Amino acid sequence: MALEEYRRKRDFSKTPEPKGDPAAKARKAPTRFFCVQKHLATALHYDFRIEHDGVLLSWAVPKGPSLDPATKRLAMHVEDHPIEYGEFEGVIPEGYGAGVVMLWDVGTWEPETDDVDAALEKGDLKMRLDGYKLKGSWVLVRTRGWGQRSGSKDDGRSWLLIKHKDEWSGDLDITEFAPHSVKSGGSFRDILAQEAPDVWLSNRGGTSEPSVETLADILKKLDAVEPIPAEASAKAATKSSTATKSTKAARSTKRARTATRSDTEEPAGPRKRVRKR
Ligand code: MN
């Protein structure tokens with residue numbers, strides 16, 4: 001049980017993230033939980049978490065998992081997270097990890113070894129995943145030299161997440177193909193609009209303290225991560241040239257919602273024709 005680092009990094013009076021039960025013991029669950037949280041923070045990354053001994057072992061994967069066995073994805077080993085964290089989706093308004101967390105995939109995992117601790121020690125953990133998006137055989141391999149190449153001392157935190165070749169591997173780009181939440185079905189914009197409408201609507205972009213990591217800073221990255229369709233952003237731009245980027249984004253989201261809603265209703269065209277008769 002090692003949640004000290006997790007707790008030390010967070011102020012639980014300010015973040016909606018779970019604190020984790022200090023008395024929690026390793027569950028004798030018949031299946032082991034795993035999840036991937038898509039996290040728009042300082043940079044976009046995917047937090048890959050697997051249940052082991054009462055905590056979620058965690059790796060931050062900058063580019064997200066790849067179903068292609070030839071594409072090895074860097075996975076930085078990060079602090080253990082509480083089991084409850086595996087259900088978390090929402091907005092972290094400030095502080096460590098400030099940004100938006102989306103529950104991108106969830107399911108169960110099984111080690112393809114008898115001794116998980118020995119496999120972790122060795123730096124070679126083979127496993128089977130059974131999620132909505134990620135399935136089949138995978139491996140986490142600790143790597144040496146990645147940190148050295150960039151000049152810093154390798155602290156053993158660099159691993160690679162690799163898909164094994166099986167019926168679930170292929171060249172489909174799963175992060176592009178299935179970008180949304182398995183919990184709410186929503187995008188980052190949807191989660192923001194739902195979880196933090198005040199922050200979302202009042203955010204005008206340019207903040208006075210660029211050194212402070214706030215949600216406003218994070219939202220500036222949203223357009224790159226979830227591009228607004230060109231037509232929608234062009235309309236927003238002509239409507240108000242003085243509007244900030246995030247205000248435009250909010251309008252576009254609203255417009256997109258309206259469009260989606262009207263899609264399910266009677267189309268406007270035929271109705272007009274009926275009136276003419
Ligand atoms: Mn993260």
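Both ligands and their constituent atoms are indexed starting at 1 by order of listing. Everything quoted here is computed from the prediction, not taken from an experiment.
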side-chain contact (heavy atoms from CB on, under 4.5 Å) with Val36: which of Asp105, Asp47, Val182, Leu103? Asp105
According to ring-ring contact (aromatic ring centres under 6.0 Å, His included), does anything in residues 106-132 pair up with another residue at least two apart or in another chain? List the pairs. none
Going by an N to O cut-off under 4.0 Å, is there a salt bridge joining Lys126 and Asp124? yes
Please report the number of protein N, O or S atoms that lie less than 2.8 Å from the Mn ion (ligand 1). 3
Treat each ILVMFWY residue as a node, draw an edge where side-chain heavy atoms are under 4.5 Å apart, and state whether Phe33 and Ile83 are in one component. yes
Sidechain N-carboxylate O distance under 4.0 Å for Glu4, Lys9: no
Pair Asp223 + Lys220: basic N to acidic O under 4.0 Å: no
